[in-house]
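Right, one structure below, let's go through it.
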Protein chains: 2
Amino acid sequence: MNSHGDGVRVTGTDVADRLRRQSRRMTAPRQAVLDALRGHDHPLSIKEIFAALTNQLCDLVTVYRSMHLLEEMRVVNRFDFGDGVARYELAKEGDDGHHHHLICTSCAVVIELDDCFPHELQQRIASHSGFKAVTHRLEFFGLCPRCQDPTPSRC
Amino acid sequence: MNSHGDGVRVTGTDVADRLRRQSRRMTAPRQAVLDALRGHDHPLSIKEIFAALTNQLCDLVTVYRSMHLLEEMRVVNRFDFGDGVARYELAKEGDDGHHHHLICTSCAVVIELDDCFPHELQQRIASHSGFKAVTHRLEFFGLCPRCQDPTPSRC
DNA sequence: ATCGCTGCAAAAATTTTGCAGGTAA
DNA sequence: TTACCTGCAAAATTTTTGCAGCGAT
């Protein structure tokens, strides 16, 4: 089932099936939102997604509603870079999409980090506190190589 | 210099001095905001701070402006629990206030964590990526003991 | 007496909601 | 055909800005 070239990425067909299973519908705006996310390898804000839609395909409100639905369905993951703007990234198949980012505080370039580190620390925190179902959000910030360079080459 | 009972917490006098050094002023609203933060051991949102002011002492706009200034002066630290609401906590003297929280996803109780994510891993990320001045934001989420209990005792 | 700070009003920016009509299944 | 989805408008939030007057130093 479903194994084209794009590998682990969620495909439109998958999402359509999952939508149908919940008696929701695959529509042009939702396709377009997913395409926009597929075209980028880092999280996009609502406005960035909206801007990426060809021909202003749908209303901004529809993007909001789509992202709410897709997040609830766990088709996308929401990330927060501490600036109050929610950013969304396509979840990958077969995992919960849990990972972290390294963001340049100057030019906002985003590096995807594959490792997730604090699991052991998380376990310890869970057992110390008595909390269950403990998860975490972790993002790194710093100055990327280009932005360290005084030369004014647009970063 | 300055050593009353409240120990490592920033005192009003300290902040007044720091303000004066930057030719800013210690005013009643700023005092009240600091008092509100002192009265709580977990981060407060702008609206919570505003609500905590006695007698609606100042305008909401002033709270916004105060928090911007105090954050810039590093008198307070801003935290983000992933819900798009900025929360502020009084910084402690002598350290940068860097720490993390464990937040109940059901009742929003906040546990202050003293541990910090291993700096060594952060170093490794920095050297792998070439980023400088790398920092991070890390918050934990889970279900607190009271909220695990089905008994309806308000949490 | 400065010059920073505040309140008020208003603008700007972001997100949600209601409803009539369009459309996927 | 059903009921989900969308556009449009409007409301509700959240945050920022302008400006005249107040007030800390």
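Naming: A, B, ... by sequence-line order, numbering from 1 per chain. Heavy atoms only: backbone and side chains are in, while hydrogens, waters and symmetry mates are out.
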Is the phosphate of dT6(C), meaning OP1 or OP2, less than 4.0 Å from a side-chain N or O of R30(B)?
-> yes
For the side chain of R65(B) and the base of dG7(C), is some donor closer than 3.5 Å to an acceptor across the two?
-> yes
dA25(C) phosphate, OP1 or OP2, under 4.0 Å from R20(A) side-chain N/O = yes
Would H101(B) and F140(B) count as a close aromatic pair, with their ring centres under 6.0 Å?
-> no
Between atom CE in M67(A) and atom P in dT16(C), what is the gap in whole Å?
-> 13 Å
Any donor-acceptor pair under 3.5 Å from Q122(A) side chain to H119(A) backbone | no
Measure the distance from CG on D17(A) to P on dA25(C) and round it to the nearest whole Å.
-> 10 Å
Spacing between D59(A) atom CG and dT14(C) atom P, to the nearest angstrom = 15 Å
Could you give the CG-to-P distance, from D83(B) to dT13(D), as a whole number of Å?
-> 16 Å
Do F79(A) and H99(A) make the cut of ring centroids closer than 6.0 angstrom?
-> yes
With the side chain defined as heavy atoms from C-beta on, V61(B) is closest, among dT14(C), dT6(D), dA9(C), to dA9(C)
Which nucleotide, dT6(C), dT15(C), dA25(C), lies nearest any side-chain atom of M26(A)?
-> dA25(C)
To the nearest Å, how far apart are L60(B) CG and dC8(C) P?
-> 12 Å
How close or far is atom C1' of dT13(D) from atom OH of Y64(A), stated in whole angstroms?
-> 11 Å
Would you say the base of dC4(D) and the side-chain of R25(A) have a donor-acceptor pair closer than 3.5 Å?
-> yes
Nearest whole angstrom, please: distance from the P of dC5(D) to the CG of L69(A).
-> 7 Å
Assign R24(A) to base, sugar-phosphate, or nothing according to its heavy-atom contacts below 4.0 angstrom with the strands shown.
-> sugar-phosphate
Does dT23(C) have OP1 or OP2 sitting under 4.0 Å from an N or O in the side chain of T27(A)?
-> no
Any H68(B) side-chain N or O less than 4.0 Å from OP1/OP2 of dT15(D) | no
Here the distance between atom C1' of dA24(C) and atom CD of Q22(A), to the nearest Å, is 16 Å
Indicate the ring-plane relationship of H98(A) and H136(A), choosing parallel, tilted or perpendicular according to the 30° and 60° boundaries.
-> perpendicular
May I ask you to say what L19(B) touches in the nucleic acid, namely base, sugar-phosphate or nothing, with a heavy-atom cut-off under 4.0 Å?
-> nothing
Flag yes if more than 12 heavy atoms outside R74(A) fall under 6.0 Å of its CZ atom; otherwise flag no.
-> no
